[in-house]
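Here the structure is laid out as structure tokens; the discussion comes afterwards.
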Amino acid sequence: MAHLARTAGVEVSGQTFQKLDGINPATYVGKGKVEEIGILKEELGCDVVIFDDELSPRQQRELEEAWVVKVLDRTSLILDIFAQHAHTREGQLQVELAQYEYRLPRLTRMWTHLARQVGGGVARGGAGGVGLRGPGERQLEIDRRRIRERIAQLKQELERVRTHRRLYRRRRRRADVRVVAIVGYTNAGKSTLLNAISGAEVLVENKLFATLDPTTRRVLLPQGQAALFTDTVGFIQKLPTQLVAAFRATLEEINDADLLLHVLDITHPNALLQSRVVQDTLKELGAIDMPVLVALNKVDRLNSSDQVQHMMREFPNSLAISAREGIGLEEMLGRIEAILSENLVRIKAWIPYREGELVSLFYRRGLVEREEHDLEGTTLEGRLPARFVKAFRRCLI
């Protein structure tokens, strides 16, 4: 959390925690803790308090009134970091959508000072009375409508991006180009690795989410086969759901890859926890039953080989590398080429039109060499990874 705060440009002056049997619906932490943090805030002279979890709009409002400082939660902090690091038009659209989705239910606290000026009451001359609506409430409705309109517009623009990416992937498949998606916890060294194997010039900084916009580079493998390597957005524990939804178009690149290259910072004290976060996020994205090669990165920073051996036992399909020093990269590329080449089975299948999802699966995971249509279905011929052949069993010719 402190690393996140520093990445956002915040100087961390103190921290505290509380063990809770249940979350306080009004202030998240208990009443005594609210008072304690208020005193600590005065002693340290800080002007923002950040919670390492998502707060409800009510909790955020109550705490800001109690402490008279800006209160942020983990989600708003991560959204701010993403906003700083989104440089392409697509990235900016995705971040803006996530920010509006987050802010919409929190609009009420922006106009309460106007609502208090009028308050509730009974209008004279009305049959039975009519509740007065203050300027704050009217402004709130206007802002909500404008934000919903902007959200709808952003979703339309991102759907066009998604369609463009889908067409691009289809052309890529027709050209028989294999794809490797580089995944991992943020700051694990993914961009450094892509730079090392492709000569790319992706931004590399010792910050969380230093590179946000995906970068794809063509890499020549040891036996002459070419593959596209895509550097995806870094994962993090408790990644906001708004971001996962907004970055759907980008994260679909992971689902359509032939291989996932999981880069893991072997020197991090929470390496195993970070690995579980990556695996859980991949499951959330539907990226299951895919071949994964784990690259245990930053091995040059270790004084003993014992830690490497321990981690290699934890991850059977892994190897040790140093992206910065170039250690183990040739072996890694060789392993990748072998995985991409193995288990491709040649099949021919007739697929009824009512099962169009199988056609989509063949294009996403296999290499379509011939396609024909008749009155009732589609005939596809090409090569498919062995693990997907069973889905076509009843359609095989």
Side-chain angles (χ1 to χ4, degrees), residues 4 8-10 25-28 47-51 53-121 123 126 130-165 209 212-214 233 238-252:
L4 274 172
V10 177
T27 55
Y28 190 91
D47 53 10
V48 62
V49 177
I50 307 174
F51 276 70
D53 209 341
E54 184 164 325
L55 299 174
S56 70
R58 178 191 175 188
Q59 290 164 347
Q60 202 167 359
R61 181 175 65 251
E62 295 283 349
L63 292 170
E64 287 188 344
E65 290 180 355
W67 298 328
V68 199
V69 293
K70 182 72 174 175
V71 174
L72 301 177
D73 61 8
R74 182 183 180 88
T75 299
S76 61
L77 184 66
I78 293 176
L79 287 174
D80 182 68
I81 294 170
F82 269 57
Q84 292 179 36
H85 294 160
H87 301 299
T88 67
R89 176 61 179 160
E90 178 187 351
Q92 291 165 353
L93 288 172
Q94 291 167 324
V95 173
E96 186 180 355
L97 174 60
Q99 287 177 321
Y100 277 132
E101 294 275 16
Y102 172 79
R103 289 172 183 168
L104 185 59
R106 290 166 168 77
L107 276 181
T108 51
R109 63 195 187 94
M110 297 174 62
W111 303 107
T112 50
H113 65 290
L114 288 175
R116 290 194 202 104
Q117 293 175 10
V118 176
V130 179
L132 291 177
R133 302 175 68 174
E137 188 174 356
R138 289 196 298 271
Q139 183 63 55
L140 178 61
E141 290 174 354
I142 292 170
D143 279 13
R144 278 179 173 163
R145 186 179 71 249
R146 287 174 176 170
I147 286 181
R148 288 192 183 102
E149 289 171 352
R150 181 58 179 159
I151 286 174
Q153 181 184 357
L154 288 168
K155 286 183 175 179
Q156 288 179 353
E157 291 188 52
L158 285 172
E159 189 58 36
R160 286 195 288 270
V161 170
R162 192 175 179 221
T163 301
H164 174 75
R165 282 186 178 275
F209 305 115
L212 177 58
D213 303 304
V233 61
K238 295 186 284 188
L239 188 67
T241 54
Q242 295 94 336
L243 280 171
V244 175
F247 277 72
R248 183 180 57 165
T250 300
L251 294 173
E252 280 180 351

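Count residues from 1 along the sequence. The analysis underlying the following values was restricted to heavy atoms, covering all of them including side chains, and did not include hydrogens, waters or symmetry mates. These numbers were taken from a predicted model, which means no experiment stands behind them.
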Worksheet item: So, for P105 and P57, which heavy atoms are closest and what is the spacing to 0.1 Å?
Response: O-CG, 3.5 Å
Discussion item. Does R106 form a salt bridge (charged side-chain N to carboxylate O under 4.0 Å, His left out) with D73? I'd like the steps, not just the answer.
Written reply: CA-CA 12 Å; R106 290 166 168 77; D73 61 8; 3.8 Å; yes
Worksheet entry | Closest contact, heavy atoms only, P25 versus S56 | O-OG, 4.4 Å
Worksheet item: Excluding sequence neighbours, so at least two apart, what forms salt bridge (Lys or Arg N to Asp or Glu O under 4.0 Å) with D80?
Response: none
Practice prompt. Check A8 against L77 and note the closest heavy-atom contact, atom names and distance.
Written response: CB-CD1, 3.7 Å
Worksheet item: How many angstroms lie between CG in L72 and CG in L79, if you round to the nearest 0.5 Å?
Response: 10.5 Å
Practice prompt. Please step through salt bridge (charged side-chain N to carboxylate O under 4.0 Å, His left out) for the pair K238 and E54, ending with a clear verdict.
Written response: CA-CA 9 Å; K238 295 186 284 188; E54 184 164 325; over 6 Å; no
Fill in: Pair K155-R150, side chain to side chain contact (heavy atoms under 4.5 Å, CB included): steps then yes or no
CA-CA 9 Å; K155 286 183 175 179; R150 181 58 179 159; over 6 Å; no
Worksheet item: Would you say the side chain of V48 lies within less than 4.5 Å of the side chain of V71, judging by non-hydrogen atoms?
Response: no
Discussion item. Nearest 0.5 angstrom please: R74 CZ to D53 CG, how far?
Written reply: 8.5 Å
Item to complete: Enter the distance from R146:CZ to Y100:OH here, rounded to the nearest 0.5 Å.
Response: 11.0 Å
Discussion item. Distance alone, cut at 3.5 Å: any donor-acceptor contact between the side chains of R89 and Q92?
Written reply: no
Practice prompt. Applying side chain to side chain contact (heavy atoms under 4.5 Å, CB included), run through L107 and I147 and close with a yes or a no.
Written response: CA-CA 10 Å; L107 276 181; I147 286 181; 3.6 Å; yes
Fill in: Distance, nearest 0.5 Å, that separates CD of E101 from OG1 of T75
13.0 Å
Worksheet item: Residues two or more places apart in sequence or in another chain: which of them pass ring pair (Phe, Tyr, Trp, His ring centres under 6.0 Å) with F51?
Response: Y28
Worksheet entry | Closest non-hydrogen atom pair between T27 and Q59, with its separation | N-CG, 4.0 Å
Worksheet, complete the sentence: The reported gap from CZ in R144 to CD1 in I151 (rounded to nearest 0.5 angstrom) is 12.0 Å
Worksheet item: Do P240 and Y102 touch side chain to side chain, with heavy atoms closer than 4.5 Å?
Response: no
Worksheet entry | Heavy-atom pair with the smallest gap, counting every atom of V69 and E64 | O-CG, 3.4 Å
Practice prompt. State, to 0.1 Å, how close I81 and L4 come at their nearest heavy-atom pair, and which atoms those are.
Written response: CD1-O, 3.3 Å
Worksheet item: Is any side-chain N of the basic residue among E90 and R160 closer than 4.0 Å to the acidic one's carboxylate O?
Response: no
Worksheet item: Quick one: CZ on R58 to CG on L63, what's the gap to the nearest 0.5 Å?
Response: 10.5 Å
